[in-house]
Number of protein chains: 2
Amino acid sequence: MGHSILKSDKKKNSDKHRRIIEAALKVFAKKGFYNSKVSEIARAANVADGTIYLYFQNKDDILISLFEEEMGNILDKMHQALQTVTDPAAKLERFADQHLTMLEENQELAEIIQVELRQSSKFMKEYQNDRFHQYLNIISGIIKEGQQMGVFRKDILPGVAKRAFFGALDEMSRYWILSPVKKYSTAVAAQQISAFFIKGMLVDPQTA
Amino acid sequence: MGHSILKSDKKKNSDKHRRIIEAALKVFAKKGFYNSKVSEIARAANVADGTIYLYFQNKDDILISLFEEEMGNILDKMHQALQTVTDPAAKLERFADQHLTMLEENQELAEIIQVELRQSSKFMKEYQNDRFHQYLNIISGIIKEGQQMGVFRKDILPGVAKRAFFGALDEMSRYWILSPVKKYSTAVAAQQISAFFIKGMLVDPQTA
DNA sequence: CGCTAATGAATGACGATTCATTCAAACAAG
DNA sequence: CTTGTTTGAATGAATCGTCATTCATTAGCG
């Protein structure tokens with residue numbers, strides 16, 4: 001299912017594409033994909049129902065495009081945030097903090113990632129999510145780097161660790177989305193979570 | 001939304017309730033809640049469409065009941081698995097192993113938990129999932145126990161750690177569901193993940 | 001016979017998508 | 001500058017298919 005590639009030129013002409021994506025972000029976040037009506041998105045975007053189909057192939061395509069674009073932003077920002085850090089342990093902590101901060105600043109996107117990214121076969125299975133993998137691979141990259149530098153133990157499987165680390169952060173953000181009151185600050189949670197993993201992966205002092 | 005309480009007596013009479021739940025498990029797992037038709041569930045359960053409504057209030061109720069029952073089982077099994085273990089660190093490792101093993105043995109349930117547990121406002125926000133919280137609280141219970149015994153550091157926030165730990169396991173199981181080939185065995189993953197957390201939470205040797 | 005469980009065809013609502021029509025801007029000709 | 005013509009973006013009412021749910025009917029059992 002190639003999503004609107006042919007129409008990418010239109011993006012330059014008008015802001016409608018953007019307007020629709022942003023409206024969809026809000027609507028999907030509030031009601032979930034299947035409970036959102038295309039007409040609601042249209043209304044929120046100040047656009048006629050039919051106009052949506054000039055910019056997107058169908059409802060699915062709205063969601064997928066939304067992802068691609070937003071994940072692209074997230075990837076960029078994360079790379080930027082990590083640029084200044086060199087120590088692998090510090091990088092992991094930075095990653096955690098940046099991740100939670102971004103999602104905190106963009107609640108709506110966080111909800112969509114939480115809820116719809118998982119959305120069954122439809123979106124996860126048959127649509128291989130490159131951007132998401134790239135994101136995960138930032139983590140394993142840091143871990144491998146740490147291993148080469150002799151900071152992290154060699155018996156750590158980066159493929160397991162990256163998922164565990166991401167999963168831990170992700171569960172934290174799910175909690176924040178679902179619960180109205182936040183018991184822990186972003187910074188504290190990021191610090192604790194990265195501390196678990198860093199301590200868990202460090203080369204033993206006596207062994208080193 | 002109280003789900004079929006009035007009808008709970010019927011469960012005793014026939015196996016239809018069970019049959020429908022099991023059919024729904026299969027169907028929801030394969031297609032996701034919103035893409036599953038009630039008639040498909042009926043067919044899979046060898047029951048007429050209308051019969052479903054003798055046992056469940058509506059489609060939503062099927063999903064919620066399914067959860068309640070299956071999560072109940074999972075909770076029971078987990079408690080049982082932990083009974084024989086006393087050391088908090090060992091308990092955590094046991095938890096991880098048991099969790100991954102259960103989901104591995106019941107792929108379909110794993111998919112539903114993955115996909116539908118997240119299912120939007122509709123199910124997670126307004127339906128407070130007791131069983132799930134109980135499950136998470138097993139983890140924080142172990143951590144608190146460890147802290148009291150002086151094995152785990154006191155500065156660990158059990159509320160953060162339980163989510164981080166669960167999230168790590170959960171992400172691992174998501175990976176297995178979505179990817180056809182399993183690169184890591186349940187045992188290895190369980191061992192690695194619990195090791196991160198245990199090492200991360202242990203009281204420092206020199207400080208102790 | 002009653003009485004309850006079960007059936008499955010019929011109903012009705014809903015909502016994604018379409019497409020005939022409108023509208024405004026761009027251009028051309030006088 | 002004015003008027004006529006073309007173009008394609010935008011509109012939104014109408015369409016059409018798809019199910020969840022209902023309920024009149026039947027089957028089965030004591």
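Because only heavy atoms are used, hydrogens play no part in the values below, and waters and symmetry mates are left out as well, while side chains stay in. Letters A, B, ... mirror the listed sequences (proteins, then strands); counts begin at 1.
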| request: Check the distance between C:dT7's P and B:D49's CG and give it to me in whole angstrom. | output: 10 Å
| message | For the OG1 atom of A:T84 and the CZ atom of A:R94, what is their distance to the nearest 0.5 Å? | response | 5.5 Å
| To the nearest angstrom, how far is A:E40 atom CD from C:dC14 atom P? | 13 Å
| query | When you match A:S36 and B:N46 each to their closest nucleotide on DNA chain C, which lands nearer the 5' end? | reply | B:N46
| Nearest-Å distance for atom pair CD1/C1', residues B:I20 and D:dA20 | 15 Å
| What class does the angle between the rings of B:H99 and B:F166 fall in, given that below 30° is parallel, 30 to 60° is tilted and above 60° is perpendicular? | perpendicular
| message | Taking only side-chain N and O atoms of B:Y55, does any of them lie within less than 4.0 angstrom of OP1 or OP2 on C:dA5? | response | no
| request: Take atom CD1 of A:I52 and atom P of C:dC19, then tell me their distance rounded to the nearest Å. | output: 18 Å
| field | Rounded interatomic separation in angstrom, taking CG from B:N35 and P from D:dA20 | value | 10 Å
| In whole Å, what is the span from the CG atom of B:D61 to the P atom of D:dT21? | 10 Å
| Which whole-number value in Å describes the distance from A:L54 CG to C:dC19 P? | 13 Å
| query | Between D:dT11, C:dT18, D:dA20, which one does the side chain of A:Y53 approach most closely? | reply | C:dT18
| field | Among C:dT7, D:dA9, D:dA20, the one nearest B:K59 by side-chain distance | value | D:dA20
| message | Counting only side-chain heavy atoms from C-beta out, which of D:dA10, C:dT7, C:dG15 sits nearest to A:K37? | response | C:dG15
| field | Value in whole Å for how far the C1' atom of D:dC19 lies from OH of A:Y34 | value | 14 Å
| request: Ignoring backbone atoms, test whether A:K16 places a side-chain nitrogen or oxygen under 4.0 Å from the OP1 or OP2 oxygen of D:dA10. | output: yes
| said: Under a plain distance cut-off of 3.5 Å, with no hydrogens placed, do A:D61 and A:Y55 share a side-chain donor-acceptor pair? | reply: no
| query | Does A:S39 place a side-chain N or O at less than 4.0 Å from the phosphate oxygens OP1/OP2 of C:dG15? | reply | no
| message | Which nucleotide wins on minimum distance to the side chain of B:V38, given the candidates D:dA10, D:dA20, C:dT17? | response | D:dA20
| Are B:K59 and B:L63 close enough that some pair of their side-chain heavy atoms sits under 4.5 Å apart? | no
| note | Checking C:dA16, D:dA10, C:dT7 against the side chain of B:A48 (C-beta onward), the nearest is C:dT7
| remark: Result for side-chain contact (heavy atoms from CB on, under 4.5 Å) between B:E40 and one of B:V27, B:D49, B:N35 points to B:V27
